[in-house]
Amino acid sequence: KKSILADPFFALAYKNLGFGYQQKGLLKKAIEETKKSIDLDPNDGHTYFNLSNMYFENKQYDLAIICCDKTIEFGLNVDSKYLEKLKPYR
């Protein structure tokens, strides 16, 4: 949070804050912060993957698929086990 106060346009701070909230099980907050990171840096495929995991964990499968596909569009590899988890919701 201190990094965000110092520089509210620092995408990595929001990404890390979102991850921290996810680790605490605070998925709504995690998703909100991670979406802010994407707003500031829409070209970070890793952040889309993090958001995909958060949506999946929150049972928002359609959004998880969209973010996973975005990750792949950036040329990043997505673990086949995760793709298998998404398969029933496609």
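All residue numbers refer to positions in the sequence shown, counting from 1.
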_Starting from Ile66, can I reach Phe74 by hopping between I/L/V/M/F/W/Y residues whose side chains sit under 4.5 Å apart?_
yes
*Evaluate the side-chain contact (heavy atoms from CB on, under 4.5 Å) criterion for residues Glu33 and Lys36: first the C-alpha distance (whole Å), next the side-chain angles of each, then the deciding distance (0.1 Å), finally the verdict.*
CA-CA 5 Å; Glu33 299 302 331; Lys36 289 177 189 175; 3.5 Å; yes
*If you take all heavy atoms of Leu51 and Cys67, which pair is closest and at what distance?*
CD2-SG, 3.7 Å
*Distance from Leu27 atom CG to Gln22 atom CD, nearest 0.5 Å?*
6.5 Å
*Treat each ILVMFWY residue as a node, draw an edge where side-chain heavy atoms are under 4.5 Å apart, and state whether Phe56 and Ile72 are in one component.*
yes
*Relative to each other, are the rings of Tyr89 and Tyr61 parallel, tilted or perpendicular (30° and 60° limits)?*
parallel
*Would you indicate whether Asn77, at its atom CG, is surrounded by more than 12 heavy atoms from other residues, nucleotides or ligands within a distance under 6.0 Å?*
no
*Do Phe19 and Leu17 share a hydrophobic cluster, counting only Ile, Leu, Val, Met, Phe, Trp and Tyr and linking them when any side-chain heavy atoms are less than 4.5 Å apart?*
no
*Sequence neighbours excluded, which residues qualify as salt bridge (charged side-chain N to carboxylate O under 4.0 Å, His left out) partners of Lys87?*
Glu84
*asked:* Quick check on the hydrophobic clustering: are Met54 and Leu26 connected, directly or via other members, by side-chain heavy-atom contacts under 4.5 Å?
replied: no
*Does Asp69 have any salt bridge (charged side-chain N to carboxylate O under 4.0 Å, His left out) partners at least two apart in sequence or in another chain, and if so, which?*
Arg90
*Under 3.5 Å donor-acceptor, Ser52 side chain and Tyr48 backbone*: no
*Under a single-linkage definition using a 4.5 Å side-chain heavy-atom cutoff for Ile, Leu, Val, Met, Phe, Trp and Tyr, are Leu63 and Ile31 assigned to the same hydrophobic cluster?*
yes
_Gap separating the OH atom of Tyr21 from the NZ atom of Lys29, nearest 0.5 angstrom_ = 4.5 Å
_Sub-4.5 Å side-chain heavy-atom contact between Asp44 and Ile38_ = no
*Roughly how far, to the nearest 0.5 Å, is NZ of Lys85 from OG of Ser80?*
12.0 Å
*Looking at Thr71 and Gly45, what are the two nearest heavy atoms and their distance?*
OG1-O, 3.5 Å
*Between Lys35 and Glu32, is the closest basic N to carboxylate O distance under 4.0 Å?*
no
_Before we go on, tell me: are the rings of Tyr82 and Phe49 under 6.0 Å apart, centre to centre?_
yes
*Taking only residues two or more places apart in sequence, or in another chain, which ones meet Ser37 in a side-chain contact (heavy atoms from CB on, under 4.5 Å)?*
Ala11, Tyr14, Lys15, Thr47
